[in-house]
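This report refers to the structure that appears directly beneath it.
Every chain is numbered from 1, with letters handed out A, B, ... down the list of sequences.
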There are 2 protein chains.
Amino acid sequence: MPSRLEELCVKKGLKMTDQRRVISRVLSEATDHPDVEEVHRRASAIDPRISIATVYRTMRLFEEAHVIDRLDFGDGRARYEEARTDHHHHLIDVDSGEVIEFTNDEMERLKESIASELGYDLIGHRLELYGVPRKRRADKSES
Amino acid sequence: MPSRLEELCVKKGLKMTDQRRVISRVLSEATDHPDVEEVHRRASAIDPRISIATVYRTMRLFEEAHVIDRLDFGDGRARYEEARTDHHHHLIDVDSGEVIEFTNDEMERLKESIASELGYDLIGHRLELYGVPRKRRADKSES
DNA sequence: TTATTTGCAAAGGCTTTGCCTCGGA
DNA sequence: TCCGAGGCAAAGCCTTTGCAAATAA
């Protein structure tokens with residue numbers, strides 16, 4: 001059965017090849033934020049007839065069709081996730097690399113308000129928080 | 001006379017060479033957020049005996065000494081500014097490329113609060129807004 | 001069929017690095 | 001003097017692209 005992303009692509013009029021179907025599926029099934037190499041790895045496991053160049057081309061295609069979002073966690077390579085309607089952000093656990101998603105209405109309101117005060121209409125934004133798990137007890141003893 | 005950045009570097013115990021002095025000066029005098037190539041261009045104008053490799057090495061050195069901050073506006077290359085004590089963010093005018101700096105106490109509070117709710121201590125964050133100048137009048141006629 | 005897409009390998013953009021010479025303290 | 005810094009060019013990493021063969025509609 002077609003993945004959610006594949007159906008979206010078809011709806012957008014994208015020509016669907018075997019490769020694009022596999023990549024759609026990989027992205028639909030992902031619960032993390034894979035980079036291109038990781039998408040290629042997962043796609044290859046399903047169908048080895050897929051080159052990294054095609055993955056790059058497909059990610060760009062999907063991004064331009066707004067069916068996926070490109071993320072940048074500051075490590076020099078692009079990460080991806082299925083496009084979503086909610087405005088959400090990411091908190092990166094710098095110890096484990098884990099990415100926690102969150103939404104925050106006040107944040108949405110605030111950034112609109114900031115842009116507005118500066119005389120701008122907002123067309124995009126990026127917010128990432130980098131943190132470490134909070135210690136249970138207040139121990140300032142640890143360096 | 002030494003630039004503000006040069007004095008800071010000395011205070012941090014960095015060995016100051018002619019190249020580093022020139023780069024310090026360029027960064028201290030900058031009111032924008034130059035990338036490495038631009039820093040190299042400006043430095044070369046002062047003293048041509050400066051290679052791009054040295055600029056890269058120096059930017060990294062300065063960054064690690066926390067006398068400059070590295071910025072990422074999502075265009076695939078690093079931008080820099082003198083380190084500052086205030087937490088400020090950037091609004092990028094996507095029409096002109098102009099970068100507007102802003103500070104916002106509510107934002108500072110909010111991100112701490114979000115991290116805290118998720119069980120994290122914040123050690124860093126990034127926020128950039130991308131916008132276009134707001135039209136004076138509400139005209140929805142323009143595409 | 002026929003315009004697209006893919007694979008492969010080469011190239012591109014930004015950044016780092018090896019190596020040897022130069023230079024600051 | 002002596003260890004670190006700089007210059008140059010090569011290499012590295014992620015990404016894009018030219019071209020010929022394969023393929024979707």
Rounded to whole angstroms, how far apart are CZ on B/R77 and C1' on D/dC13?
->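 Value for this atom pair: 18 Å.
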Could you state the atom-to-atom distance from CG of A/D47 to P of C/dT6 in whole Å?
->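 Nearest whole value for this atom pair: 12 Å.
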Pair B/E82 + B/R84: basic N to acidic O under 4.0 Å | no
Lys/Arg-Asp/Glu bridge criterion (N-O < 4.0 Å) met for B/R109, A/E106 = yes
Can a side chain N or O of [X] be found less than 4.0 Å away from OP1 or OP2 on [N]?
{"X": "B/R49", "N": "C/dC22", "result": "no"}
{"X": "A/R60", "N": "D/dT16", "result": "yes"}
{"X": "B/Y56", "N": "C/dT16", "result": "no"}
{"X": "B/T54", "N": "D/dG7", "result": "yes"}
{"X": "A/Q19", "N": "D/dT23", "result": "no"}
{"X": "A/T17", "N": "C/dT6", "result": "yes"}

Using a cut-off of 4.0 Å on non-hydrogen atoms, how would the nucleic acid contact of B/I50 be classed: base, sugar-phosphate, or nothing?
-> sugar-phosphate
Tell me what A/R57 touches on the nucleic acid: a base, only sugar-phosphate, or nothing, going by heavy atoms under 4.0 Å.
-> base
Name the residue closer to the 5' end of DNA chain C, choosing between B/R21 and B/I52 according to the nucleotide with the nearest heavy atom.
-> B/I52
Given DNA chain C, 5'-ward residue of the pair A/V55 and B/K15, judged by closest heavy atom |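 Its nearest nucleotide being more 5', the pick is A/V55.
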Verify the neighbour count for atom CG of B/D105: are there more than 12 heavy atoms of other residues, nucleotides or ligands below 6.0 Å?
->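 Incorrect, the count does not exceed 12.
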If you measure from CD on B/E37 to OG on B/S44, what distance do you get to the nearest 0.5 Å?
->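 OG of B/S44 is found 10.5 Å from CD of B/E37.
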